[in-house]
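When reading the values below, keep in mind they use all heavy atoms of this one structure, side chains included, and skip hydrogens, waters and symmetry mates. Protein chains get the first letters and strands the later ones, always in sequence-line order, with residue 1 at the start of each.
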There are 4 protein chains.
Amino acid sequence: MSASAKEPRWERRKQDRPQELLAAALQLFVERGYAATRLEDVAAQAGVSKGTLYLYFDSKESLFKSVVRAHMLPLLDEAEARVDSHDGHTADLLRELILGWWQGASRSGLKGIAKLMLAESGNFPELARFYHEEITSRGDATLVRVLERGMARGEFRPLDAHALKKVIAAPIMMLMLWDQSLAPCAIAPIDSAAYLASLIDLCVHGLKA
Amino acid sequence: MSASAKEPRWERRKQDRPQELLAAALQLFVERGYAATRLEDVAAQAGVSKGTLYLYFDSKESLFKSVVRAHMLPLLDEAEARVDSHDGHTADLLRELILGWWQGASRSGLKGIAKLMLAESGNFPELARFYHEEITSRGDATLVRVLERGMARGEFRPLDAHALKKVIAAPIMMLMLWDQSLAPCAIAPIDSAAYLASLIDLCVHGLKA
Amino acid sequence: MSASAKEPRWERRKQDRPQELLAAALQLFVERGYAATRLEDVAAQAGVSKGTLYLYFDSKESLFKSVVRAHMLPLLDEAEARVDSHDGHTADLLRELILGWWQGASRSGLKGIAKLMLAESGNFPELARFYHEEITSRGDATLVRVLERGMARGEFRPLDAHALKKVIAAPIMMLMLWDQSLAPCAIAPIDSAAYLASLIDLCVHGLKA
Amino acid sequence: MSASAKEPRWERRKQDRPQELLAAALQLFVERGYAATRLEDVAAQAGVSKGTLYLYFDSKESLFKSVVRAHMLPLLDEAEARVDSHDGHTADLLRELILGWWQGASRSGLKGIAKLMLAESGNFPELARFYHEEITSRGDATLVRVLERGMARGEFRPLDAHALKKVIAAPIMMLMLWDQSLAPCAIAPIDSAAYLASLIDLCVHGLKA
DNA sequence: TATGAATGAGGTTTCATTCAT
DNA sequence: TATGAATGAAACCTCATTCAT
């Protein structure tokens, strides 16, 4: 059939397998949800067989948790560093933060994770708690710091920073979710640049002293 | 068997059966997701047996679609009527609209539906499209009308109403989603009144001419 | 295909199903051992489908335990009653006891259970303990009572009754085991009547004062 | 890598590998039964990897048969020699034979094999037949010779030697089986010395002319 | 010779669906 | 109309076996 019949039935790729499996699993979990994702499809997507998956993960649940954890840890540091080093107007800082989050989320797979956690939090409450503590609350805290900085410098009017942080974070979250759930169905594509510009514009005008 | 068994104490309200089943299904679908919800549990929750479900719905998928549709239709009219009849300042109209949506969603089960659609849109693209067309786009259109009314009356500054409508809708959607996914896990309860107040405050200041 | 095409796909037999399943399971577990017995075969042997088994038993392990327990409980009473009511020579009592045990074991399925417990005690230690306490030790105690009765009445010479009880019980046990493991292979059929007669003869001569 | 790597500290004794594997397999097969024993565990127990096993045995079944055969062959010769050379009272010969068998079985692993064959005879009938012919029937024949010798010399009363041989062998077999199945669970430990003394005592008294 | 990553058939278990009652 | 026992496809998971290294 094949020209030289030299392709081995499989390769030995111990180092890379976990990553490949995690990437495949992330994609399918996000697309279909936890329960509707079959491990055989994850394996196929990663180019291995069903059994191979079990060399690296104990069970479907363990794979799921690994997917979430693997994509959750390497985040947020960037945003915090940005706040620390900024010395211009706080409205500019806020703009940078919002745009930076969106770019970071797009790069890292966090958009998919966010959708996944929202959908599966009922079935994995401990993961939901972990997600909230590691991701959401750190992001929230960063936003609160920015708002308080703006008020302290007289650039923002007096605000309820703790209520407002979630109001401002919400559109970013929703953009991630839309991107993950509607975009794949080709429903109502969103112009994310215009969307973010509007968000920033609303904030800048709505917060200024 | 009994002598004069007129008027049984408990009627076999077959009229109500579908509604009871839909309510039970909504609750479980929202809690656990589509795939993880067992029809036997839906039936038990509604107080009937597994077989009975099939007298009213053809399949699990059909039940799911009915759940979504049943909770989607009786909405939005109220919001549209409110916009038509309002004659005060558009900022007040916007405030009423936001608060009205949240209350309506709370009353009607739309919060749960929103979470459900987000989670399952990948598995039910045609439902996702239906949901988008029937709900989201109508809500969006209403919001656009309000924004344009404000601009026309000189109460709002010039805006990209189409980009902004989604930015303003997002925090309301996210509040619904948080309420459905995190609240059941007792994670980070949100003070929805303060949250909505902040949203309205941000809009009023951010939009005014 | 069939003449009148009237045979329903299945019958509703809730009362009898568990018994039928237990009987089928006993046979196959004894023949093949626990691990080598497939639940599909158990179901087929009982004339039902795989899924039906799970209406009555939670798991393979639970089925196994039920099999053992169901066949263990209704035993031993007979033997104990016999000892209480006997008033002749103790050698005659011993003869009756030995023959009665063999007949009882043949009737009740205990022969198979004995083989099963021996084979699977390593995998189900708690069951092995249960079996030992409910069956073996009660049988042993009965045998000790008989031996002590014989010594007390001067019919048997002085003996170490506790060591001897197991020596006398052993040939009966082995007869059960041979019957279950070799007979199905048509290896070396044993004449159980002659075997038991020899055992009784050996005891009668070996015990008498 | 090392300069003068003569004489490695640990030799790669490929001569001993099969024996080590057989010993590991015997232990695990006896403990868990054939089907519940994983080849990976056998390999680990023998200190090699899974693949290595297949350099020495074709399959699990082949390993199992080798285990049984390897432990079956080097037996029985001793007992037969003892009978040939004995010239004292036959009761003393019988005592020696019984004690010798127990010691031999303890030494050789035959106890475990006996349990294994009993448990797996249904799944390996040809092995059961082999076992019966090589082991059981040779042992039986030896016992018959002893009984007939005793009768011929007027030391034993007239007996059905063929029925009796199995009655006398049974307690020895059962002692092996208890030792293998109940002792590992720490259930009802048996004092084998007292047990064997009782057996011998019963025989001596029960057989004498 | 030795390893252990990879495979895939086959087992246990679940659950949407059917249908005799 | 209502029930729930029965079904069987399909999922998760195991492990005997193969083979590139």
Less than 4.0 angstrom between a side-chain N/O of Arg13(C) and OP1 or OP2 of dA6(F), yes or no?
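So the side-chain polar atoms of Arg13(C) never come under 4.0 Å of the phosphate oxygens OP1 or OP2 of dA6(F).
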
Does dT1(F) have its OP1 or OP2 closer than 4.0 Å to a side-chain nitrogen or oxygen of Arg17(B)?
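Answer is no, no contact under 4.0 Å.
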
Whole angstroms only, please: what is the [atom1]-[atom2] distance between [X] and [N]?
{"X": "Leu63(A)", "N": "dA11(F)", "atom1": "CG", "atom2": "C1'", "answer": "15 Å"}
{"X": "Gln15(C)", "N": "dT21(E)", "atom1": "CD", "atom2": "C1'", "answer": "14 Å"}
{"X": "Leu28(A)", "N": "dA11(F)", "atom1": "CG", "atom2": "C1'", "answer": "15 Å"}
{"X": "Tyr34(A)", "N": "dA11(F)", "atom1": "OH", "atom2": "P", "answer": "14 Å"}

NZ or CZ of Arg17(B) within 45° of Tyr56(B) ring axis and under 6.0 Å:
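Here Arg17(B) fails the 6.0 Å and 45° test against Tyr56(B).
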
Considering all heavy atoms, the nearest Lys60(A)-Ala35(A) contact:
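Distance-wise, the nearest heavy atoms are NZ-O, 3.4 Å.
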
Between residues 38-62 of chain A and DNA chain E, which residues have a heavy-atom gap below 4.0 Å?
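Hits under 4.0 Å, by residue number: Val48(A), Ser49(A), Lys50(A), Gly51(A), Thr52(A), Leu55(A), Tyr56(A).
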
In terms of the angle between their ring planes, are Phe124(A) and Tyr34(A) parallel, tilted or perpendicular, with boundaries placed at 30° and 60°?
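Geometry flag for Tyr34(A) against Phe124(A): perpendicular rings.
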
From [X] [atom1] over to [Y] [atom2], what is the distance, rounded to the nearest 0.5 angstrom?
{"X": "Leu21(B)", "Y": "Thr52(B)", "atom1": "CG", "atom2": "OG1", "result": "8.0 Å"}
{"X": "Leu116(A)", "Y": "Glu31(A)", "atom1": "CG", "atom2": "CD", "result": "11.5 Å"}
{"X": "Tyr131(D)", "Y": "Ser181(C)", "atom1": "OH", "atom2": "OG", "result": "9.5 Å"}
{"X": "Leu26(C)", "Y": "Gln45(C)", "atom1": "CG", "atom2": "CD", "result": "10.5 Å"}

Both Glu11(C) and Thr37(B) contact DNA chain E. Which one's nearest nucleotide lies toward the 5' end?
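Of the two residues, Thr37(B) wins.
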
Would you mind checking if Glu126(A) and Arg129(A) are paired as a salt bridge, meaning a charged N to carboxylate O distance below 4.0 Å?
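Looking at Glu126(A) together with Arg129(A), the answer is no, because their closest N to O distance does not fall below 4.0 Å.
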
Would you kindly compare Ala36(D) and Arg12(A) by the position of their nearest DNA chain F nucleotide and give the one closer to the 5′ end?
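It is Ala36(D) whose nearest nucleotide is closer to the 5' end.
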
Structure string for DNA chain F in dot-bracket form, Watson-Crick and G-U at under 3.5 Å, | interchain:
.||||||||||||||||||||

Checking side-chain contact (heavy atoms from CB on, under 4.5 Å) against Phe64(C), which of Asn123(C), Thr37(C), Leu127(C) comes through?
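Output: one option passes, namely Leu127(C).
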
